[in-house]
2 protein chains.
Amino acid sequence: MNRDEQNKAPISKQTLNRMPAYLLYLKNLDLQERQSISASAIASDLNLNEIQVRKDLAAVSSSGGKPRKGFDIHMLIEDIKAYLGYDDVNNAVIAGAGKLGQALLCYDGFSEYGLNILAAFDSDPAVIHQSVNAKMVYPIEKMPEICHLLNIQIGIITVPAAYAQLVCDQFVKSGIRAIWNFAPVLLNVPQDILVQNENMAVSLAILSKHLSVKLKKND
Amino acid sequence: MNRDEQNKAPISKQTLNRMPAYLLYLKNLDLQERQSISASAIASDLNLNEIQVRKDLAAVSSSGGKPRKGFDIHMLIEDIKAYLGYDDVNNAVIAGAGKLGQALLCYDGFSEYGLNILAAFDSDPAVIHQSVNAKMVYPIEKMPEICHLLNIQIGIITVPAAYAQLVCDQFVKSGIRAIWNFAPVLLNVPQDILVQNENMAVSLAILSKHLSVKLKKND
DNA sequence: TATTTATCGATATAAATATATCGATAAATA
DNA sequence: TATTTATCGATATATTTATATCGATAAATA
Ligand SMILES: NC(=O)c1ccc[n+]([C@@H]2O[C@H](COP(=O)([O-])OP(=O)(O)OC[C@H]3O[C@@H](n4cnc5c(N)ncnc54)[C@H](O)[C@@H]3O)[C@@H](O)[C@H]2O)c1
Ligand SMILES: NC(=O)c1ccc[n+]([C@@H]2O[C@H](COP(=O)([O-])OP(=O)(O)OC[C@H]3O[C@@H](n4cnc5c(N)ncnc54)[C@H](O)[C@@H]3O)[C@@H](O)[C@H]2O)c1
């Protein structure tokens with residue numbers, strides 16, 4: 001049990017958003033070379049404010065940092081993983097074994113984050129009953145049965161936009177509790193189901209704004 | 001020229017993040033059925049605060065809303081697109097024509113956001129000199145030449161994590177001004193280059209936290 | 001035409017988040 | 001061992017973001 005679960009205030013959304021970056025940074029440090037690191041050093045490397053980093057880390061660290069040394073890297077990694085829930089394995093399935101769906105099926109890196117993709121569903125006879133990266137693609141009609149059987153928590157949507165709501169409804173009926181949506185659609189779900197949109201549109205807007213500002217300065 | 005460019009304060013980051021959702025929502029409205037919509041109605045449909053929506057829209061709308069009617073849907077769509085920079089076309093290339101890179105190459109939806117992917121680069125002889133969705137995959141060595149030739153602004157990184165920094169450096173040398181990075185790596189770039197990370201880890205952390213909280217409540 | 005009303009936009013307040021200050025302390029150094 | 005110092009963590013302040021209040025107004029209704 002970490003300090004958060006014991007007595008600390010819930011962690012802010014912004015802090016949560018920064019956590020994966022800290023984790024990535026810490027994992028790339030050479031543990032042979034050093035065992036601990038200060039919030040100041042992390043802040044400097046990640047171009048963040050030093051106090052912000054210190055507060056973020058204090059919020060998840062189980063043991064705290066030490067003056068003149070900082071935080072124990074290994075413990076901090078474990079604390080962040082535990083906080084982010086990467087230690088809890090969640091079963092997931094994909095709806096839509098097309099280009100993107102297959103890329104996700106083939107990616108083994110998700111296990112790092114506790115995501116365990118077990119199977120996929122599709123409506124196209126050309127892909128069903130085949131396996132992709134040792135994961136079966138089932139006909140979409142089998143979704144309720146298989147989801148209940150495998151105790152699936154997360155449904156991943158990679159069907160064309162036009163079918164996303166339909167497939168979403170099927171997921172809800174199949175007992176999933178969260179949806180990871182890659183289709184450019186705003187999904188309607190019951191209150192207790194979480195929809196996490198992977199919205200590339202936001203990234204593209206930020207890129208586009210950066211470029212247009214730069215262009216203007218050069219004018 | 002919209003009101004922002006004329007005289008208004010710069011728009012907040014949070015407002016920018018919500019814009020793509022407004023745009024998607026507005027695009028799905030039936031223009032035959034209705035020509036205008038109120039901030040209150042949008043807020044209700046998107047589960048957002050009404051005042052927040054009104055302020056967000058006021059920040060980008062060129063003409064403002066009218067009492068009892070709201071905002072003109074068509075104009076609002078155009079205003080948001082212009083604000084997000086989706087009207088400005090930016091040329092891009094992909095480094096890494098593997099599973100994910102090819103999915104991106106095949107996706108034609110990016111043109112909606114002003115992203116124009118022209119070609120890809122790879123080091124694997126099995127994929128180079130082939131075309132994917134009518135876009136050529138060139139040997140990675142040709143990157144500087146082709147990027148300069150095609151006036152590429154954005155470099156998309158879909159190589160394995162271990163090669164991401166290397167490829168990133170090549171992009172910088174090739175004169176790109178922004179990077180869209182899908183590899184789980186924190187890239188080092190010069191000050192004036194923007195790195196936009198497509199960090200699926202954040203989504204997975206949010207999903208995981210949602211599920212773990214739910215589980216606890218049921219205990 | 002007068003009245004009502006939904007909605008806007010401006011201004012005010014509240015909440016969340018970021019940054020600054022400073023005393024305490026563990027490790028390094030003299 | 002005494003002194004210095006980098007860093008922490010607590011508390012304070014500033015900034016950003018979200019929400020509330022309210023008068024003005026264009027459209028609907030009487
Ligand atoms: N490819 C990308 O890079 C990319 C990027 C961003 C977003 N997206 C979104 O992801 C989704 C998938 O994109 P894609 O490029 O993989 O498309 P795709 O056409 O390659 O794959 C879609 C798959 O969904 C299946 N399908 C269609 N209707 C179905 C249904 N009712 N039930 C089950 N399966 C069904 C199809 O048979 C196909 O295999 C789209 O919504 C797209 O907008 C894709
Ligand atoms: N596939 C996914 O769903 C997914 C999801 C999230 C993140 N990612 C990340 O995206 C990246 C690509 O994933 P993928 O599944 O497409 O991998 P992949 O192995 O299918 O593709 C990688 C491609 O990069 C090429 N490559 C390797 N080194 C290169 C170099 N030095 N120069 C040019 N090309 C080079 C390879 O030849 C290959 O074609 C990885 O960093 C991965 O972590 C992938």
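Keep in mind that what you see is a predicted model, and the values were worked out from it rather than measured. Throughout, protein chains are lettered first and strands after them, A, B, ... in sequence-line order, and every chain is numbered starting at 1.
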Task: S12(A) vs dA16(C): side-chain N/O to OP1/OP2 distance below 4.0 Å - done: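 Answer no for this pair, as no side-chain N or O of S12(A) is under 4.0 Å from OP1 or OP2.
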[X] [atom1] to [N] [atom2], straight-line distance once rounded to whole Å:
X	N	atom1	atom2	result
L16(A)	dT17(C)	CG	P	11 Å
I42(A)	dA6(D)	CD1	P	18 Å
K13(A)	dA16(C)	NZ	P	9 Å
R18(A)	dA16(C)	CZ	P	16 Å
I73(A)	dT7(D)	CD1	C1'	15 Å
F71(A)	dA6(D)	CZ	C1'	13 Å

Open item on the list: Run the side-chain hydrogen bond (donor to acceptor under 3.5 Å, both in side chains) test on N199(A) and N17(B) for me, step by step, so that the C-alpha distance in whole Å, both residues' side-chain angles and the decisive distance to 0.1 Å come before the verdict.
Closed with: CA-CA 10 Å; N199(A) 52 75; N17(B) 284 336; over 6 Å; no
Would you say the side chain of [Y] lies within less than 4.5 Å of the side chain of [X], judging by non-hydrogen atoms?
X	Y	result
L23(A)	I77(A)	yes
T15(B)	V60(B)	no
W180(B)	L204(A)	yes

For [Y], does its backbone N or O pair with a side-chain atom of [X] as donor and acceptor, under 3.5 Å?
X	Y	value
H210(A)	I206(A)	no
Q102(A)	A97(A)	yes
N49(B)	I51(B)	yes
Q165(A)	N188(A)	yes

Open item on the list: Take N1-N3 plus N6-O4 or O6-N4 for Watson-Crick, N1-O2 plus O6-N3 for G-U, both under 3.5 Å. Which runs of 3 or more such pairs involve DNA chain D?
Closed with: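 Correct response: C:1-30 with D:1-30.
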Task: Earlier contact from the 5' end, DNA chain C, for S38(B) and D56(A) - done: S38(B)
TODO: Examine the side chains of D56(A) and Q52(A) and answer whether a donor and an acceptor come within less than 3.5 Å of each other.
DONE: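 Not at all, the side chains of D56(A) and Q52(A) share no donor-acceptor pair under 3.5 Å.
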Open item on the list: Can you build the contact string for nucleotides 19-30 of chain C? Use B for base contact, S for sugar-phosphate-only contact, and - for no protein heavy atom under 4.0 Å.
Closed with: BBB---BBBS--
